[in-house]
Participant: 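Okay, here's the structure, questions in a sec.
Just so we're clear, the structure is a prediction, and the values are computed from it rather than from any experiment. Along the sequence shown, residues carry numbers from 1.
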Amino acid sequence: QVQLVESGGGLAQAGGSLRLSCAASGRTFSSYAMGWFRQAPGKERDVVAAISAGGRNTYYADSVKGRFTISRDNAKNTMYLQMNSLEPEDTAVYFCASATVAFATSRAINYNHWGQGTQVTISS
């Protein structure tokens, strides 16, 4: 059984930083792409960033390019999202997800395992 557990969310001020982690178990972590999604109140779940199985290729939503960095440590079965220059618009529940493919993908349909989410709140 695949388990994804996010951590690192919380409250930060605009302009600040947070680092999210996603610990995975129950699957060959290094064989699949991973992604971060977020869902703000009243909005759909959108992709934030994705990373290929080997970690060499990444995808970022336009809204976070240059501010967020996705990475993974396959030896530790863990994925990260470093979030800098945070804005109030980044407030959302952040979910990590494991894909069915090895390439970095922004399409939610390509993800079949999801974490429970971690709340990120940015104050102005």
Participant: Tell me the salt bridge (Lys or Arg N to Asp or Glu O under 4.0 Å) pairs involving residues 28-37, sequence neighbours left out?
Facilitator: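 Salt bridge (Lys or Arg N to Asp or Glu O under 4.0 Å) check on residues 28-37 returns no pairs.
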
Participant: Between Thr100 and His113, is there a side-chain heavy-atom distance shorter than 4.5 Å?
Facilitator: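 No, side chains not in contact.
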
Participant: Any donor-acceptor pair under 3.5 Å linking the side chain of Arg72 with the backbone of Ser52?
Facilitator: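 Yes; at least one donor-acceptor contact below 3.5 Å.
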
Participant: Please give me the minimum heavy-atom distance between Ala53 and Ser30, naming the atom from each residue.
Facilitator: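 Smallest interatomic distance, heavy atoms only, reads CB-O, 3.3 Å.
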
Participant: Please name all residues satisfying ring-ring contact (aromatic ring centres under 6.0 Å, His included) with Phe68, sequence neighbours left out, ordered by chain then number.
Facilitator: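 Result, ring-ring contact (aromatic ring centres under 6.0 Å, His included) vs Phe68: none returned.
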
Participant: Is any side-chain heavy atom of Asp73 less than 4.5 Å from a side-chain heavy atom of Tyr80?
Facilitator: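 Yes, close enough: below the 4.5 Å cut-off.
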
Participant: Sequence neighbours left out, what passes ring-ring contact (aromatic ring centres under 6.0 Å, His included) with Phe37? Give chain and number order.
Facilitator: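 In terms of ring-ring contact (aromatic ring centres under 6.0 Å, His included), with neighbours along the sequence ignored, Phe37 is linked to Tyr111, Trp114.
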
Participant: Which atom pairs, donor and acceptor, lie under 3.5 Å between side-chain atoms of residues 3-14 and protein residues at least two apart or in another chain?
Facilitator:
{"from": "Glu6", "atom 1": "OE1", "to": "Gln116", "atom 2": "N", "distance (Å)": "3.2"}
{"from": "Glu6", "atom 1": "OE1", "to": "Gly117", "atom 2": "N", "distance (Å)": "2.9"}
{"from": "Glu6", "atom 1": "OE2", "to": "Cys96", "atom 2": "N", "distance (Å)": "2.9"}
{"from": "Glu6", "atom 1": "OE2", "to": "Gly117", "atom 2": "N", "distance (Å)": "3.1"}

Participant: Examine Phe95 and Leu18 and state if one hydrophobic cluster contains both, with Ile, Leu, Val, Met, Phe, Trp and Tyr joined whenever side-chain heavy atoms are less than 4.5 Å apart.
Facilitator: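 No, Phe95 does not connect to Leu18 through the hydrophobic network.
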
Participant: How many angstroms lie between atom CG of Asn77 and atom SG of Cys22, to the nearest 0.5 angstrom?
Facilitator: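 Result: 10.0 Å between the selected atoms.
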
Participant: Which residue pairs pass the salt bridge (Lys or Arg N to Asp or Glu O under 4.0 Å) test when at least one of the two sits in residues 20-38, sequence neighbours left out?
Facilitator: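 Output for this query lists Arg38-Asp90.
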
Participant: For residues Ala92 and Ala40, report the shortest heavy-atom separation together with the two atoms involved.
Facilitator: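 For Ala92 versus Ala40, the nearest heavy atoms are CB-N, 3.8 Å.
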
Participant: Sort and list the pairs that fulfil salt bridge (Lys or Arg N to Asp or Glu O under 4.0 Å) and have at least one residue in residues 76-88, not counting sequence neighbours.
Facilitator: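 Only Arg67-Glu87 qualify under salt bridge (Lys or Arg N to Asp or Glu O under 4.0 Å).
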
Participant: Roughly how far, to the nearest 0.5 Å, is CG of Leu81 from CE of Met34?
Facilitator: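 Answer rounded to 0.5 Å: 11.5 Å.
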
Participant: Are Val120 and Met83 close enough that some pair of their side-chain heavy atoms sits under 4.5 Å apart?
Facilitator: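 Touching, per the 4.5 Å side-chain cut-off.
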
Participant: Do Tyr60 and Ile51 sit in the same hydrophobic cluster, where Ile, Leu, Val, Met, Phe, Trp and Tyr count as joined when their side-chain heavy atoms come under 4.5 Å apart?
Facilitator: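 Cluster IDs for Tyr60 and Ile51 match.
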
Participant: Can you tell me if Thr121 uses its side chain to pair, donor with acceptor, with the backbone of Thr91 under 3.5 Å?
Facilitator: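 Answer holds: no.
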
Participant: Does Leu20 belong to the same Ile/Leu/Val/Met/Phe/Trp/Tyr cluster as Phe29, with side-chain heavy atoms less than 4.5 Å apart forming each link?
Facilitator: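 Leu20 and Phe29: one cluster.
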
Participant: State yes or no: do Trp36 and Leu86 share one hydrophobic cluster built from I, L, V, M, F, W and Y residues joined by side-chain heavy-atom distances below 4.5 Å, directly or via other members?
Facilitator: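 Linked, Trp36 and Leu86 end up in one cluster.
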
Participant: Return the minimal non-hydrogen interatomic distance between Ser31 and Ala102, and the atom names on each side.
Facilitator: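 Shortest heavy-atom separation between Ser31 and Ala102 comes out as O-CB, 3.8 Å.
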
